[in-house]
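Heads up: the structure comes next, in structure tokens.
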Amino acid sequence: MNERDQTRDKYNPQAIEAKWQAFWEQNSSFRATESDPRQKYYLLVMFPYPSGRIHMGHVRNYTIGDLIARFQRLRGYNVLHPMGWDAFGMPAENAAIKQNTHPRAWTYHNIDTMRRELKSMGLSYDWQRELATCNPDYAHWEQELFLKLYEKGLVYRKLSQVNWDPVDQTVLANEQVIDGKGWRSGAAVERKELSQWFLKITAYAEELLEGIQQLESGWPETVRSMQTHWIGKSHGLEFAFPIEGRSETLPVYTTRPDTLMGVTFCSIAAEHPLAKEVAARNPAAQQFILSCQSAGTSEEAIERLEKKGFDTGLRAIHPLTQQRVPIFIANFVLMNYGTGAVMAVPAHDQRDFEFAKSYQLPIRVVIQPLTETLTSDRMTAAYTGPGILCNSDRFDGLETEVAKQKIIETFVEMGIGRATTQYRLRDWGISRQRYWGNPIPIIHCPACGLVPVPVDQLPVRLPEEVELLGQGNPLVRHPSWKECRCPRCGQAAQRETDTMDTFTESSWYFLRYCCPDFQGPLDPQRVNHWMPVDQYVGGIEHAVLHLLYARFFHKALRDCGLVACDEPFSRLLTQGMVRKDTFRCPEHGWRYPEEVSQQGDGLCCIACSAPIQVGRNEKMSKSKQNVVDPNDIIQGYGADTARLFMLFAAPPEQDLEWNDHGVDGAWRFLNRLWRMVQEVAALPYQPPARSMPQEAALRLLRTKTHETIDKVTRDVQRFQFNTGISAVMELVNAVQEWLNPATASDRSPELLALLREAAEAAVILLNPYVPHVTEELWQLLGHAQPLCQHQWPVVDPEALQRDEITLVVQVNGKLRARLTVAAAADQAVVEAAALAEPAVQPHLAGRSIQKMVWVPGRLLNIVVR
RNA sequence: GCGAAAGUGGCGAAACUGGUAGACGCCCUGGACUUAGGAUCCAGUGCCUUCGGGCGUGGGGGUUCAACUCCCCCCUUUCGCACCA
């Protein structure tokens with residue numbers, strides 16, 4: 001038997017996949033060009049960070065993206081489906097410290113590995129548009145974009161807080177702070193203020209918020225809701241408390257002016273100027289502020305703190321009652337929201353309530369709910385709902401919403417406050433004190449101040465020789481890199497040593513894909529040909545930060561004239577995580593799946609034979625050792641099986657549970673498909689059927705074929721890829737029944753045509769899911785043109801007309817019988833048949849019929865009493 | 001702490017606008033077959049049952065002729081929280 005015959009007999013994914021990957025590459029099957037007359041479709045998947053190898057999360061993301069890309073190609077679109085590398089970032093630097101490699105070498109090595117792995121999955125990328133963000137070319141155009149934003153006034157510097165490791169003298173990322181300690185040094189982390197670069201995302205807060213409405217039909221509700229809350233628009237009152245015995249005042253912002261008469265103290269952030277001033281002459285206050293600064297900078301860490309405060313001894317004067325209330329420094333007040341100071345109303349704010357309880361501060365009820373009467377001494381929690389004002393002097397009796405307006409009006413009339421709109425959204429700090437990022441192209445001149453690097457001198461390149469020790473900023477420590485001349489006055493000056501946040505690169509890569517070879521940041525003509533992205537696919541973990549930054553950056557570039565559309569991503573699909581059981585050995589801790597063996601009913605550790613505890617299903621991660629290497633699956637079963645399993649096991653938005661048996665099931669289905677098509681291809685040739693036959697059994701087969709086409713088409717469009725597969729499985733099962741030996745003797749040309757139509761439909765419908773095996777089967781069915789250039793099948797509406805339907809008879813909503821009737825049967829006919837049904841009659845005996853609920857095509861419900 | 005989701009057989013899931021709960025697949029059980037394969041084929045497979053039927057979608061209430069689906073309360077799990085990407 002020669003090799004070709006062998007591949008014809010048995011499904012051999014390794015041979016088939018290599019063959020078709022080579023074919024697509026040689027024929028540039030997935031090149032996308034702007035000159036193509038067909039309508040464009042831009043399918044974008046979130047580019048990966050080149051961490052070393054691909055993981056199951058990538059496989060899932062890119063399988064989903066590829067399915068949609070291939071589907072839209074078959075539907076006749078000119079599809080742009082690019083891939084690249086989010087190549088700057090901390091892991092390269094960490095690897096450099098640990099293994100003494102250069103970040104660039106490490107990164108490019110990983111890219112080579114991962115590109116090879118992605119290619120083995122048979123993804124239909126236009127690889128000619130591949131880009132890596134660490135490439136000097138990409139960095140160059142990004143620096144130019146930065147300067148454009150700088151000119152537009154969207155870039156500025158201000159002091160802000162960082163996590164500081166006092167031992168390594170370095171800034172730590174939030175994830176590098178573990179239980180308040182630096183991950184490498186173990187030293188207690190301090191908060192420190194540094195002058196940092198910011199992008200004015202807040203200038204676009206309102207537009208970013210309004211834009212969310214535009215995305216209503218294309219973005220998941222959950223992501224829109226998270227972004228809305230993140231932007232956090234609120235309306236409220238801004239006013240200032242006079243401070244007893246002082247000329248300056250304490251400005252505050254509140255969204256609850258209706259609770260104004262319930263203020264019993266004020267809280268200020270540890271970084272508030274007033275707090276600093278108090279600390280300067282009060283060592284105890286200084287001590288307290290220091291203790292606040294040991295918390296780390298993440299909002300989560302701050303909000304989980306035990307609420308603590310320090311009485312400054314200062315007294316604020318209530319602007320309406322002239323009452324004196326204490327001013328506390330509090331560890332939970334954020335300096336970067338509002339004014340860094342809040343009026344505290346313990347009766348109607350939970351944090352203030354807890355704070356008041358621990359410091360024995362008075363609680364004053366000023367809102368009464370409609371259902372009960374609150375008294376301060378019996379409250380166990382703050383009441384934050386609506387109600388009627390009390391203890392509020394002239395505002396008593398007002399409803400909360402009315403009171404808010406009235407009190408704001410009062411402040412405005414008295415000239416001591418104003419209605420303001422506030423956003424929770426903060427400006428985007430892009431400064432990183434790290435080596436492996438894009439340099440900020442600014443020069444600090446002692447005479448001229450901040451001077452942008454002239455465009456013709458870009459890019460600012462990172463020094464190749466660098467010492468990475470995990471201490472300090474490598475660019476500051478470099479002996480000569482930062483030294484330069486001021487472009488304006490020629491004097492000795494210094495380069496900015498901060499590099500940009502890597503979210504900057506991911507904020508415009510989708511625009512660069514449109515014109516990857518353009519000598520300039522962006523070619524508006526080509527960008528506008530492809531933009532906006534028609535479908536974006538990526539992990540739900542990017543719901544807020546990446547997707548909000550990219551929307552902002554895109555709008556800023558629009559205002560620079562580089563792109564026309566307002567929103568970059570018309571539709572968004574967020575896929576869930578890939579999870580797996582965790583295995584734990586009492587002796588050896590977390591165990592990889594291959595370190596565990598089956599022993600009777602349970603599992604045991606291969607090293608010590610101790611029984612394994614099977615833990616919860618968790619996100620695949622190296623730390624929990626519950627990872628499955630995609631390469632093992634691809635090498636063992638082939639990429640098509642891996643893809644099919646991923647798409648079949650769960651709908652894309654849901655978390656996917658890895659299951660070895662499920663992979664076997666996917667493998668077996670592909671073998672079933674393979675055998676079925678082989679058998680059909682071996683039958684005497686008849687062109688595929690194009691019209692309905694007469695015989696009922698044959699009519700049913702054609703109906704099944706077209707119902708499947710209809711269902712898969714709709715399912716793919718609504719991202720229900722798993723049910724699309726089940727539909728094709730049913731079709732394959734139906735065809736297989738006609739291929740059984742029992743019916744082999746009687747195969748009319750009509751049947752042969754119907755079988756071929758069904759087999760071809762199954763192959764085309766599955767092509768976006770499992771592209772290699774379907775190309776091979778398509779060829780086997782005698783087609784000279786590759787399937788990737790074919791068209792998606794069209795439903796014959798006549799074939800969807802069922803002759804008979806089954807409907808349900810209920811009595812009082814309980815199912816009592818099923819009736820098979822002519823599809824056109826009306827209510828009267830069905831009622832008569834239902835009442836005559838033996839299974840129905842006992843439930844009617846001795847009762848009177850109240851009414852009949854008739855749902856055409858579905859059910860008849862007989863309501864009796 | 002704040003914000004956002006998700007809970008359906010032994011398992012992954014399905015049920016499109018309130019109208020047959022469990023499609024499709026896995027596991028398992030019984031049988032057939034043999035070119036002993038990663039087999040394949042046939043049958044069964046929510047729970048209980050006196051075989052009439054009864055009960056079932058995290059728990060508790062409600063709306064409706066009819067609720068996995070809509071409303072209220074509770075429980076559990078997951079994701080994000082601005083320097084991981």
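Each chain gets a letter, A, B and so on, in the order the sequences are listed, and its residues count up from 1.
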With both distances under 3.5 angstrom, what nucleotide forms a Watson-Crick or G-U wobble pair with [N]?
N: B/G1; value: B/C81
N: B/A6; value: B/U76
N: B/G46; value: B/C55
N: B/C33; value: none

Check this for me: does the side-chain of A/Glu299 come within 3.5 Å of the base of B/C81 through a donor and an acceptor? no
Report yes or no: is there a donor-acceptor pair, N or O only, under 3.5 Å between the side chain of A/Arg718 and the base of B/C16? no
Counting heavy atoms from C-beta on, name the nucleotide in B/A14, B/C65, B/U78 closest to the side chain of A/Asn722. B/A14
Look at [X] and [N] and indicate whether a side-chain polar atom (N or O) is within less than 4.0 Å of OP1 or OP2.
X: A/Arg304; N: B/C81; answer: no
X: A/Arg426; N: B/A82; answer: no
X: A/Asn671; N: B/G38; answer: no
X: A/Asn733; N: B/G25; answer: yes
X: A/Arg668; N: B/C26; answer: yes

Determine whether more than 12 heavy atoms belonging to other residues, nucleotides or ligands lie under 6.0 Å from atom NZ of A/Lys308. no
Does B/G9 sit syn or anti, given that only angles within 90° of 0 count as syn? syn
Whole Å only: how far is the CG atom of A/Leu859 from the P atom of B/A67? 12 Å
Whole angstrom value for the distance that separates C1' of B/A85 from CE of A/Met577: 15 Å
Are any protein N/O atoms closer than 3.5 Å to N/O atoms in nucleotides 52-56 of chain B? If there are, list each pair with its distance.
unit_1: B/G54; atom_1: OP1; unit_2: A/Arg816; atom_2: NH2; d: 3.3
unit_1: B/G54; atom_1: OP2; unit_2: A/Arg816; atom_2: NH1; d: 3.3

Cationic N near anionic O, under 4.0 Å, A/Arg224 to A/Glu221: yes
